[in-house]
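The next block holds one structure in the form of structure tokens; read it before the comments.
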Amino acid sequence: MVDALIGISVLLPFIGAILCFLTKNPRGRAAIIVTTGVLLTLSSLLLFQNLHGPYLYTPGSLLGLNVNSLITFADFALLFIILGIAFKLGNPLVILLTLLQIVPLAYFELKMAPHVEVTPAFYIDNLALIMNLIISIVGSLICIFGIRYMEEHEHHLHLKKSRQPRFFFFLVLFLGAMNGLVFSNNLLWLYFFWEVTTFCSFMLIGHDKTEIAIRNATRALWMNMTGGVAFVAAIIFIFYNTQSMEYLSLQALINHGPGLTTALLLPFALLCFAGFTKAAQVPFQSWLCGAMVAPTPVSALLHSSTMVKAGVYLVVRMAPGYQGTFLSTMVATFCAFTFLTASALAVNMSNGKKILAYSTIANLGLIIACAGINTPAAIIAAVLLIIFHAISKGLLFLCVGTIEHAIGSRDIEDMRGLYNTMPAVSRITIVGILTMMLPPFGALMSKWMAIESAAHIPWVVVMVALGSGLTVLFWARWAGLFVSGPHLKVFEAEENQGFFAPIVTIFKGFSAKSKWKDPASIKVPLVTLAVAAIVLSLGVPWLYTSLVDPVLASYKPGLFVKPFETGPMGLTSGVGAFYVLPIFLVSIIGYLAAVIAAKQKDHRVFSAPYMCGEQYPDISQPKFRSHLNSWKDYVAANIYMQEFIGEDKISYWINSIALIILIVLFGEVLR
Amino acid sequence: MKRLINTSRVKSPWLIHFDCGSCNGCDIEVLACLTPVYDIERFGILNVGNPKHADILVVTGTVNHRNKKALKNVYDQMPEPKVVVAVGACGTTGGIFREAYNVVGGVDKIIPVDAYVSGCAAKPEAIIDGVVIALGKLAEKGKKVDQGIFERLENTQNFIKSR
Amino acid sequence: MARTVIPFGPQHPVLPEPLHLTLTVEDEIVKEAIPKLGYVHRGLEKLAEIRDHTQMIQIVERVCGICSTLHAMCYCQGIEALMNVEVPPRAKFLRVIWAEMHRMHSHLLWLGLFADAFGFESLFMQFWRIRERIMDLQEATSGNRVIVSVNCVGGVKRDIDAEMEKWILDTMKIVEREVLQLKSTIMDDFTVKRRTVGIGVLSKEKAYEMGAAGPTLRASGIAQDMRQTGYAAYSELNFEPVVETDGDCYARTVCRFNEVFQAIDLIREAFAKLPQSELAVKAKGLPNGEVVSRVEQPRGECLYYLKGTGSKYLDRVRIRTPTFANIPPLLEMLPGCDLADVPVLILTIDPCISCTER
Amino acid sequence: MFMTKNVLKNLMTKYATRLYPFKKRETFKDVKGELKIEMEKCILCGVCKMRCPSQSIAVDKQAKSWGVDPFSCVYCGICVDACPVKCLYQEGLYRTPLAEKDQVLHFQEAKSEEPAPAP
Amino acid sequence: MKDCVVVINEENTPELTPDRIITQTRILKDEGFRFVTMSSTDLGDRICVLYHLDKDLQLINLKVEVPKGTKIPSICSVYASAVLIENEIKEHFGVEFDGLSLDFQGMLYLDEEVQKTPFCKIGINRV
Amino acid sequence: MNMNDAIAVLAALFLAPLIGGLVAGLDRKVTARLQGRYGPPILQPFYDVLKLFGKEKMIVNYWQIVCAYMYLVANILTVVLLALQSDLLLIFFVLAVGGVFLVIGALAAESPYSQIGAQRELIQMLTYEPLLILVFVGIYLETGSFKISEIIATYHEPLLISLPLLFVVMGYALVIKLKKSPFDIATSHHAHQEIVKGVLTEYSGPYLGIIEISHWFETVFLLGLCALFWHTSFLWMAVLVVATYFGEVLVDNVCARLTWRWMLPHAWTGGLIMSFANYFWIFEKIK
Ligand code: SF4
Ligand code: SF4
Ligand code: SF4
Ligand code: SF4
Ligand code: SF4
Ligand code: SF4
Ligand code: SF4
Ligand code: SF4
């Protein structure tokens, strides 16, 4: 049963992808996507239900073929495809990087260690299960969202021939590759799935075939290929340093013998480096920002549940392996730096998707920094952050996508007052934003854990502190923009809805009479994710015991102590406490009181905003009388602190500093 | 409670000063009231500078065709209950300029005035007296305020419905 | 880059007088500033057609309450020239005394308002507290705190007796001491300097070309002061204009600050040299001809153009006040400044909209 | 920071505030305050009316009345100086502020001060 | 000579034709004269415009007289700060200036309530 | 929840506004005296708020109401959590909730002044938030806990002695939070500012009253933080709190307002240098 479920998780998307590619009928394709999504979700849930503790599994053969050889073959096939593409692109860098992988890998497979068999090939612990859940559920929701989105997208582009089959082929394939990646224990298999995600992301980013799309896709390709090269190098070094096949198993690598730490430090560093490239840490942030040219489902997928999470997963997974080493501190430093700078860059952006992109990079930085801090509490923080980030960020991307289709812009300045015209989506977006930045929501709780556990490394905590100040800035103003402007109309319409208006609209959205006209394939993902973000935050104590705690248990026994106590109120540790429920309750009560107050109609008058005595009589139109007695529209804009943190101004410095840190890291490791 | 609020109203009148076409004479005397020598903060008076926070509108100077619109707008943005003090010969009647071509006249041509302070320039003492007189009216209006508010509320509601 | 448009004025707490600026800012840096005037325009020059030339004195005094006496003086000077009247010497000296008292109260007032513009409330209070002493002097000598109505065609209406003279000189001492105490605050304080040094720089050439007047001009390094022409009794007093060279807000502050002391010195000197004579001579006839008359107001050069046609009523009274001249330099300074410096820059020219628009 | 000495001194010494309505200050000599008339002396010559720059005075020879609009009067004292019989004088104090505008009108026969309602 | 009071007569105030005003002011500017202001009077059917310029406290006046309705070239190009005063004269006397760098269209001070140019003895309708 | 906790919560709920209001009144009186004025009555803030509740409810946007209430709730919650001696970081995050809702409320009104005020408020939050975190981390490094109850129970020395520089760093945050010069950039007590009253421009009547009361809570919370620096002796705690507040009032009166362009980099550098110096000292001591 469990084996079958694992098979479904990995193989079903491959099958689904191929079916998508073959089906020309959009309805049929939609059905395939939905079925795949539902099945994946079910299988991941079942898997989660049935597995307690690490599960080892080595698939024997597939359709009569040895899986191991199959993957080796597929690996080379993939690399040669990329090589072919590289030649077609005429990009020497990509060619070089591909060759740098093919040659050593061939040498390794053929000369150094022919016919390596690493058992178990799959090692499925709770971390992998959590990843599987995220990938399967969030990923599927995004794919479902994509159905309708791509229809409109192609409509906008006026394509003659639909390119959706190809699009969904890669989109769904991605899920399978990710599932394979998180389950793999065999580093060679892991590498294969790793490259598949790289390749898929390349194809998806370049999907629109515009010049800029191809350029950005190429950038994504070469940056991730650097990671691939590091990965291959790591494999070779492991074998070379230990002269044993055993440590090609990830779990063995993590639980390596005490005497091996120095010998394995370089491979660890290389694998971390591979993780950094995939997680778009500075100086590799540009590929993820460039990926914004892709259709929104792609961005959502890359950012929330897949791709970047692969890098994060690898580093977090290996954390116990390099605990207490110099590498660990450097990882924390490097990624805290990423957190700080990416947050700063996000402040500078007015493009909604770019804000999300930089915020993703920042959050990944924080997650990896937690892995680097490497205390039990920090690892917990990292895992929680992975979960909450995936949900909220996926939600936000889908929201921006929906908004973009409605208003034709992804600039946050254009979302000013959007609450007037798209109340439901705006509310959900605001919920998404608040879950990213405010207590008692999960993302903030993980940040709380991160700061408390980082407290003993002052420079890391400083960077985290500065960075989190910056995140508040860009989130708060974005949330505020939605409600900016006169709101007479909306409130009038909702007067009879009582004070559960936000919740009510979300669910009423599904009734035929509702004003929220988007189709179900857009509503379902949005609502599910929004509700999940809130409910999971509320259930953090439960989440903690049932999900995160076992994560630790699956690590090397005895290495970790349980960092937190759960109680009815929330979590407490030796040094701090985070009361989820009370804060939640008080906030809700406050909110209800506020809404009741807002609904009371007694004595209230509307007034135009203060315009120094020159306001326009109609309060729904902010205007003022300017020179020549003309009516001038009042326009507002955010402060982007251009002269402090202009993107083009500081990117160079950020990249240089990041490179220096990396060089120090490797220099020290090699010493 | 109601009485408490009404007392507070008299004890905490926030003031906004609007200079229509004043020659600055009365202006600086209004400002002088805030400074150490006269210090009207003794009576809880603050110069808030924002009509939305203000209870008392102190107007100096003549009303002309351009600033009458601004004056009306500022007055409209003050929440009830509110009173208006017209200061100086200009503010009360148009003063020495009332025959000039661009002068409309006193403040009461545009908005209802609750206290008139004569002088050119009106002395700070006189301005304080004027404010005190206006406070009496403020307390009176406070009692009736609910009715007025309902009227305005109805207008707003009609406005919303008509759109 | 997204921009914010801000309606600045007419009713704005930092603006003592109504004036509208449509500011376009980007990251709080002003990119464009479009002025709108006319909130104080009364058209009082036109009143000359229905008020005779002596009544006009009362009206021009009310062009602006801050330098009322200087307006009257400038006007009377012109009428006296048209009617060939020689003002008695004591009247000339008394005119100087009142004029300098006016300058002191105006500069103290400005220093206070300027402090308020960069959010230094206690400094504002302190300057205004000192200023009240001068207001008392004005009230005691002329009967009115603000509109010091002492000038008439041919001289002055009131005298200053010995007792009053002593009181004035004593007060001057107190004021000098108290203002001196604030010197380090306004000139050396770190926060104050941050808000003034290097803000709103107006180069010498630019200031001259844009036609700036008064301290705005002198702070840019041009020693031009109408008092050098020696009207009233200035020709008999020891007078050198106060000049600064940097042309920024700080220089203008220092310039005005030093002019307060200069005014104190001039008052002392005037009392020392005060001659005995009658206060006014009777002017005969009616004004006929055209004349341009100029005096130095606290804010700079003020110009009156008067035209009489031999009747009781003047044909034309035209007033050009210093702020009118200083508005183009202001508009020159605004683009590129921080939004927070907008009030500082507006106040730095010591604007007086009522005289600009009349 | 240089202000510290100053403000601390203010804290230690007595405030500069005149507690105005509670403590009144003597007015200076010859201050131009509210315009008053000794009606019995007035000869209704109309000079004051002619000279007033604000045109606030109304003299009616028929009705034997002298009136002033106290709110448009600018306290300049021209009329006081101009009156040939010196029946006008200015009090030290300003006119008390009122909630309604009014006119001051004096009749010579009645020899009484009767404030009439605003026109 | 330093002037605080200048009585204007024929000797000290040359009268110019409107077309020479730009050249003349430019010459004076090159000599170092500062633009002080302009004044104008209504002469019945003509308008008199005076230009006041100053150098080292010495005042020079230029006089231009034109029939009502004639255009006068604007000296904005010579002295940029003249724009405000030219707008004012335009608004008060109905004199059109050619080449105003910023035209307030008669709304510098006045709103539409004032319908005639106020400073002319017989007002002209404002646009 | 035991009896003590219940009392603490009740005290926080009812005493805090009283104390906050009185402090505000004293503040105004002392400020007036520093300026040589007579000053308003001590109870003036209460009159003001009562009056505000009697005014017409005037709004630009419904969200203002919601945000005003949320601001109040968040500030009450901080004081309650402080009274319950809970986790410093948690309290800090709850404080941020208040700040965020204040900003959203200001952004809700489409008015130039409150919009710019909101942007500036955000920059001010950006300035003081990291500094506060650094202060709390310093406290943790010294005492080994983020929990106030734990600190009080296990640490028996005034914190001020080992964290003097961090106390100064907190001074920055205090100046900003109490809206005092030189950092009264987003909104100030006296509205003589280029952006009128910044974030509060569009609030009026009862809603302004709510915000005023929230500010009282905020004041109490900040003073509570000060008190934490001398938790061992009640007398010295009182002295420290009074001295700090007086210091703030004094600074308010001897400084011009600065701009955020200056504040952000300088407060950060100053704060960072001082925090690091203090951390270094702590580490030295531990060694
Ligand atoms: S009349 Fe005014 S308020 Fe009514 S719809 Fe038209 S613009 Fe709007
Ligand atoms: S026009 Fe009025 S009702 Fe329509 S969106 Fe704008 S504010 Fe709302
Ligand atoms: S006034 Fe403008 S915005 Fe309002 S309803 Fe009419 S057209 Fe629409
Ligand atoms: S009343 Fe007199 S002092 Fe006051 S504004 Fe009018 S003219 Fe100026
Ligand atoms: S400078 Fe002008 S505007 Fe400013 S206070 Fe003085 S008179 Fe008023
Ligand atoms: S320049 Fe201004 S301040 Fe001076 S007298 Fe004229 S109007 Fe008054
Ligand atoms: S005091 Fe002056 S304004 Fe008043 S009535 Fe006499 S002349 Fe007229
Ligand atoms: S001038 Fe004197 S006497 Fe003549 S009417 Fe006036 S008050 Fe009477």
Side-chain angles (χ1 to χ4, degrees), chain C residues 34-43 45-46 49 74 77-78 80-82 84 208-213 217 222 224-232 234-235 289-296 301 303-307 315-316 318-321 324-329 331-332 356-358, chain E residues 1-10 12-13 29 32-44 48-50 52-61 63 76 78-85 87-89 91-93 101-102 104 106-111 114 118-121 123:
Chain C
I34 310 172
K36 178 185 177 191
L37 302 169
Y39 293 97
V40 201
H41 180 64
R42 291 152 287 186
E45 291 166 345
K46 177 87 171 160
E49 288 168 19
C74 192
Q77 220 170 261
E80 282 153 10
L82 283 185
N84 283 321
Y208 195 78
E209 199 205 309
M210 301 298 288
L217 181 67
I222 295 171
Q224 202 176 67
D225 191 319
M226 285 307 128
R227 285 174 283 177
Q228 286 167 305
T229 60
Y231 64 88
Y234 285 107
S235 52
E290 291 173 80
V291 71
V292 177
S293 163
R294 293 191 293 172
V295 298
E296 180 77 10
E301 165 200 35
L303 179 146
Y304 269 64
Y305 165 74
L306 307 170
K307 185 176 179 197
D315 199 35
R316 172 86 170 118
R318 146 114 185 104
I319 308 167
R320 198 295 313 245
T321 54
F324 195 96
N326 283 332
I327 283 184
L331 296 178
E332 178 79 18
T356 311
E357 299 174 0
R358 307 170 304 278
Chain E
M1 231 259 329
K2 293 173 174 177
D3 320 310
C4 53
V5 185
V6 179
V7 177
I8 296 176
N9 49 34
E10 259 108 69
N12 65 10
T13 309
K29 187 184 181 184
F33 274 86
R34 173 172 65 95
F35 176 73
V36 179
T37 193
M38 294 155 66
S39 307
S40 46
T41 350
D42 182 29
L43 304 174
C48 159
V49 178
L50 278 166
H52 310 285
L53 296 122
D54 169 291
K55 182 186 181 187
D56 297 330
L57 307 175
Q58 195 183 337
L59 199 69
I60 280 202
N61 304 305
K63 190 178 250 177
C76 285
V78 186
Y79 290 107
S81 54
V83 64
L84 272 184
I85 178 70
N87 268 297
E88 183 185 315
I89 292 175
E91 191 163 325
H92 284 167
F93 291 89
S101 61
L102 178 64
F104 282 88
M107 281 188 268
L108 178 66
Y109 295 147
L110 300 176
D111 273 8
V114 181
F119 277 78
C120 296
K121 301 227 161 69

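Residue numbers start from 1 in every chain, and the chains themselves are labelled A, B, ... in the order their sequence lines are given, proteins ahead of strands.
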Q. By a 4.5 Å heavy-atom criterion (distance strictly below it), what part of E/Val83 contacts chain C: side chain, backbone, both, or neither?
A.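 Neither; nothing under 4.5 Å.
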
task = Identify which part of E/Phe35 has an atom lying under 4.5 Å from any heavy atom of chain C, answering side chain, backbone, both or neither.
result =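 Looking at E/Phe35, just its backbone touches chain C.
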
* Asked: Does the C/Ser293 side chain pair with the main chain of C/Cys74, one donor and one acceptor, at a distance under 3.5 Å?
  ->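 Side chain of C/Ser293 to backbone of C/Cys74: a pair is present.
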
Judged by atom type as modelled, is there a donor-acceptor pair below 3.5 Å linking the side chain of C/His41 to the main-chain atoms of C/Glu357?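 Looks like yes, one N/O pair under 3.5 Å.
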
Requested in this report: Just give me the residue among E/Leu50, E/Asn61, E/Asp54 that pairs up with chain C most often, heavy atom to heavy atom, under 4.5 Å.
Outcome: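 Option with the greatest count: E/Asp54.
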
field: E/Ser40: side-chain hydrogen bond (donor to acceptor under 3.5 Å, both in side chains) partners, not counting sequence neighbours
entry: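 Applying side-chain hydrogen bond (donor to acceptor under 3.5 Å, both in side chains) to E/Ser40 gives none.
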
Please name all residues satisfying side-chain hydrogen bond (donor to acceptor under 3.5 Å, both in side chains) with E/Ser81, sequence neighbours left out, ordered by chain then number.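 side-chain hydrogen bond (donor to acceptor under 3.5 Å, both in side chains) list for E/Ser81, sorted by chain: empty.
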
Among the options C/Lys36, C/Glu301, C/Met210, C/Arg227, pick out the one with the most heavy-atom pairs lying under 4.5 Å from chain E.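 Of the options given, most contacts go to C/Glu301.
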
Chain E contact via C/Ile222 - side chain, backbone, both or neither, heavy atoms under 4.5 Å: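 For C/Ile222, neither part sits under 4.5 Å from chain E.
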
Note to self: If I measure from the heavy atoms of chain E, does C/Leu37 come under 4.5 Å with its side chain, its backbone, both, or neither?
What the structure shows: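 Both backbone and side chain of C/Leu37 come within 4.5 Å of chain E.
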
Salt bridge or not for C/Glu45 and C/Arg316, using N-O below 4.0 Å?
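C/Arg316 and C/Glu45: salt-bridged.
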
